[in-house]
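These numbers come from the heavy atoms of this one structure, side chains and all, not from hydrogens, waters or symmetry mates.
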Amino acid sequence: FDDMPSLAPLQITPQMMAQAQQRASEAPAPAPWAPPPQQHVVAPPMPADDGGDQLDSLAQMFPDYDRDVLASILATCGGGIEEAIQQLLEMSGGGGGGGGGGG
């Protein structure tokens, strides 16, 4: 019967507590959980033949801007019309918010 575990209830002694606390203080703290980083997929800029079609599109979307300004922003964005639109929306204060209702 020496091989059988004892069925006596476990009694935690002060020495056991001290050992457990010492082990806990020596063990490295687990890293806090963080969600995995999100992968943002960015569409490649549309091929800019001469930028004329893109410039026309921007001029239709932003009629208050001069074509030279639109062309400059489009060039700054490397010909990427999506990036140029985002830049223009931020400049005009309409950074993607919903349309307001007229009264």
For this session: For the residue pair F62 and L89, establish whether any side-chain heavy-atom pair is separated by less than 4.5 Å.
Result: yes
For this session: Measure the shortest side-chain to side-chain distance between I73 and M91 over non-hydrogen atoms and say whether it is less than 4.5 angstrom.
Result: yes
For this session: For Q15, check side chain to side chain donor-acceptor pair (under 3.5 Å) against everything at least two apart and list the hits.
Result: T13
For this session: Would you name the heavy atoms of A84 and L74 that are closest together and state the gap between them?
Result: CB-CD1, 4.0 Å
Problem set entry | Non-hydrogen side-chain atoms of L88 and L70 separated by less than 4.5 Å | yes
Exercise. Pairs in or reaching into residues 68-78: which pass side chain to side chain donor-acceptor pair (under 3.5 Å), with residues at least two apart or in two chains?
Worked result: none
Problem set entry | E82 CD to Q54 CD distance, which is reported to the nearest 0.5 Å | 8.0 Å
For this session: List the atom of Q87, the atom of C77, and the distance in Å for their closest heavy-atom pair.
Result: CB-SG, 4.5 Å
For this session: Using side chain to side chain contact (heavy atoms under 4.5 Å, CB included) as the criterion, list what pairs up with A20, not counting sequence neighbours.
Result: none
For this session: Could you give me the CA-CA distance, side-chain angles and deciding distance for D56 and R67, then say whether side-chain contact (heavy atoms from CB on, under 4.5 Å) is met?
Result: CA-CA 9 Å; D56 289 340; R67 286 181 70 90; 2.8 Å; yes
